[in-house]
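One structure is given below, encoded as structure tokens.
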Amino acid sequence: MLKKTKKTGGFASGIGFVLAAAGSAIGLGNLWAFPYKTAENGGAAFLFLYIACVLFIGVVTMICEIFIGRRAQANPVSAYKKINKNLGWIGLIAVAVPLLITCYYSVLGGYTVKFAFGSFVGNTNSLTAFAGKEWQVILFTGLFLVFALIIVMAGIKGGIEKMSKVLMPALFLLLVAVVIFVLFLGEGVADGLRYYLIPDFSKITWDSVLAAMGQAFYSLSLGMGAMIVYGSYTGKEINVLKSTAMICVFDTIVAVLAGLAIFPAVFHFAALEGVAPENLKLNGLMLMFETLPKVFESIGYAGNIVEFFFFAMVVIAAVTSVISILEVSSQFLIQKFKIRRKLGSLIVAVFAFSVSIPVGISLGNSLNGEATMQLFGLDYLSFLDTVTNTVLMPICAFLSCVSVGWIIGPKKAIAELETEGNKFGALKSTVAVMLRFIVPTLIAVVEIFGLIDLIFPSGVFSANGLWITVCSFALLGVAVAVYFLFLKNSETGSNADEKE
Ligand code: PFF
């Protein structure tokens, strides 16, 4: 099924590619966003919806992105140029978006490292204190980035693939261990499971459909260049359809398991302390760094060990995600300027680190209730998150589908994707229709409603939302201008130009 690839410089094996791509996909989105979105949106009912989104939008978009990279054996700019010389700007956006994400994801990565270390001495009530200690935040962000940088510097085969092969199974084992421990805690566990999973179809609204689509995109690392780049390091020998299916299955399993680790534990704690679970913070940053440490540490010493397992797993998930986006901008620099991998990735990491400093400080201020260092009413982290997640990523994903579905054309694309023993068969016409009509329409819906929600949150006009949208489109405009001014007619390199 997944044979060895003969190419040098790229992934050495199909399973190496699948694990690295799954490593990119499995990240904080699975561990802290999916569980609470599921709980809030009707439990298993949301899960069905989510699986439908993965099947109907995620799979096709991922195939497109991997395909775009693979057929070009080059960075996203060159890859889109290969489709059509006037489309290279899409590739530049696919390089810029992950760079912006690296700048804030590393701060969160720093938090996870700090909380992993802190598990032994106790993390209870330490979120705001830590967030406010600027030097510590900078230090841990740096530590996290250095770890990721070392892996990227070592190259695809020797760094990213090798580490993914070790870290992904480790993540899975840690997660299963935590789930088993939590399920045997006793009191409250059943309530937690009920809260998380009992299907409640009455809670499925238009908003939950949008939440499921958005979550599927983010969770599968689509629209951020990562799959194009990893795809570029694979050869014809890899069965794109099967690999995509495996990545999506792994990603979904981990997301579901994360909820099984979190909610029963939280409800157990609530039962013991006699507090109403609704009074605990059950989403996002607060769930991860405030509620969960309290929950684990209330169990005693075994709780501290489980807490360490949990945060070690979160660190792994964050590192294997960040290396995929660090790789995107590094690959472009390395190939465009024909510089060494170590230098290219170092430049990207230093840039990301410099930007992450104000981002980390701004987040700390906001967690401590100070409205300083904000952009349009948001701390810098939320600002960058909104620009990338809400506006630019769906645009990138949309353009990748349109490029394959309309510019390359489904016939040619499928013919290129098919190899010996890797035939689409009866799926051919379904894939073609989805690629051309259904998937782009659904992504456009995500984008349009995302923008409406940003500019008119709860139906009321928000000038801040409008400005964030303007900034995002301005960025897009800059990418287009830079491409046509400087890149369209110059050499932008390929994987063959890489020096170790
Ligand atoms: N799929 C990732 C997640 O679920 O967290 C999204 C992601 C974010 C990938 C940041 C890479 C990254 F650096």
Side-chain angles (χ1 to χ4, degrees), residues 19-38 50 53-54 57-58 61-62 65 94-112 141 144-145 147-149 151-152 160 163-164 167-168 171 175 211-230 244 247-259 284-285 288 313-331 345 348-349 352-353 355-356 359 381-382 384-390 392-394 396-397:
L19 288 176
S24 170
I26 296 167
L28 299 176
N30 301 59
L31 302 179
W32 82 29
F34 178 85
Y36 82 81
K37 283 189 187 168
T38 304
Y50 177 79
C53 291
V54 170
I57 329 181
T61 314
M62 189 178 287
E65 295 200 351
V95 170
V97 168
L99 184 60
L100 292 180
I101 301 177
T102 315
C103 299
Y104 75 80
Y105 207 79
S106 307
V107 174
L108 296 176
Y111 275 50
T112 63
T141 303
F144 176 78
L145 260 173
F147 190 30
L149 178 64
I151 301 176
V152 174
I160 293 177
M163 287 310 281
S164 302
L167 291 178
M168 293 321 287
L171 177 147
L175 180 56
M213 291 206 256
Q215 176 65 22
F217 270 113
Y218 188 74
S219 189
L220 294 174
S221 296
L222 299 172
M224 54 173 85
M227 293 300 162
I228 303 182
V229 169
Y230 278 4
T244 302
I247 298 164
C248 293
V249 169
F250 289 157
D251 187 65
T252 307
I253 290 179
V254 169
V256 173
L257 283 179
L285 215 69
M288 178 112 344
M313 170 189 89
V314 185
V315 171
I316 293 176
V319 165
T320 49
S321 287
V322 92
I323 53 178
S324 73
I325 50 175
L326 201 56
E327 173 64 29
V328 178
S329 346
S330 307
Q331 186 204 34
S345 46
V348 175
F353 180 60
V355 180
S356 73
V359 172
L381 189 141
S382 310
L384 287 175
D385 182 40
T386 310
V387 167
T388 50
N389 237 320
T390 312
L392 296 177
M393 279 164 51
C396 258

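As the structure lists them, so they are numbered: ligands from 1, and atoms in each ligand from 1. Basis for what follows: all heavy atoms, side chains included, without hydrogens, waters or symmetry-related copies.
Here the heavy atom of the protein found nearest to atom 11 (C) of ligand 1 is Ser321 O, 3.3 Å. Regarding atom 13 (F) of ligand 1, its nearest protein heavy-atom neighbour is Ile325 CD1, 2.5 Å. If you check which protein heavy atom lies closest to atom 6 (C) of ligand 1, you get Tyr218 O, 3.3 Å.
In terms of N/O distances under 3.5 Å, ligand 1 is approached by Ser219. At least one N/O-N/O distance between Ala25 and ligand 1 falls below 3.5 Å. Looking at ligand 1, you won't find any N or O of Met224 less than 3.5 Å from one of its N or O atoms. Residue contacts with ligand 1: Ile101 is placed with no nitrogen or oxygen under 3.5 Å of a nitrogen or oxygen of the ligand (distance criterion only).
Each of Val229, Thr388, Ile325, Leu392 was checked for a side chain to side chain contact (heavy atoms under 4.5 Å, CB included) with Met224, and the lone residue meeting it is Ile325. With Asp385 as reference, Tyr104 is the one residue of Tyr218, Tyr104, Tyr105 to meet the side-chain hydrogen bond (donor to acceptor under 3.5 Å, both in side chains) rule.
Counting heavy atoms from C-beta outward, Val97 and Val328 have side chains that stay 4.5 Å or more apart. Under the 4.5 Å side-chain criterion, counting only non-hydrogen atoms from C-beta, Ile57 is in contact with Thr61. Between Trp32 and Leu285, some side-chain heavy-atom pair lies under the 4.5 Å cut-off.
Taking every heavy atom of Asn30 and a limit of under 4.0 angstrom, the matching atoms of ligand 1 come to 4 (O). Short contacts between ligand 1 and Ser24, defined as distances under 4.0 Å to a heavy atom of the residue, involve ligand atoms 1 (N), 2 (C), 9 (C). Less than 4.0 angstrom separates some heavy atom of Val322 from each of these atoms of ligand 1: 13 (F).
Scanning both residues, Leu31 and Ala258, for their nearest heavy atoms gives CD2-CB, 3.7 Å. Between Leu220 and Met62, the closest heavy-atom pair is O-CE, 3.7 Å.
Both the backbone and the side chain of Ser221 come within 4.0 Å of ligand 1, counting heavy atoms alone.
Every side-chain contact (heavy atoms from CB on, under 4.5 Å) that Thr386 has, sequence neighbours left out, goes to Leu378, Thr390, Leu454, Ile468.
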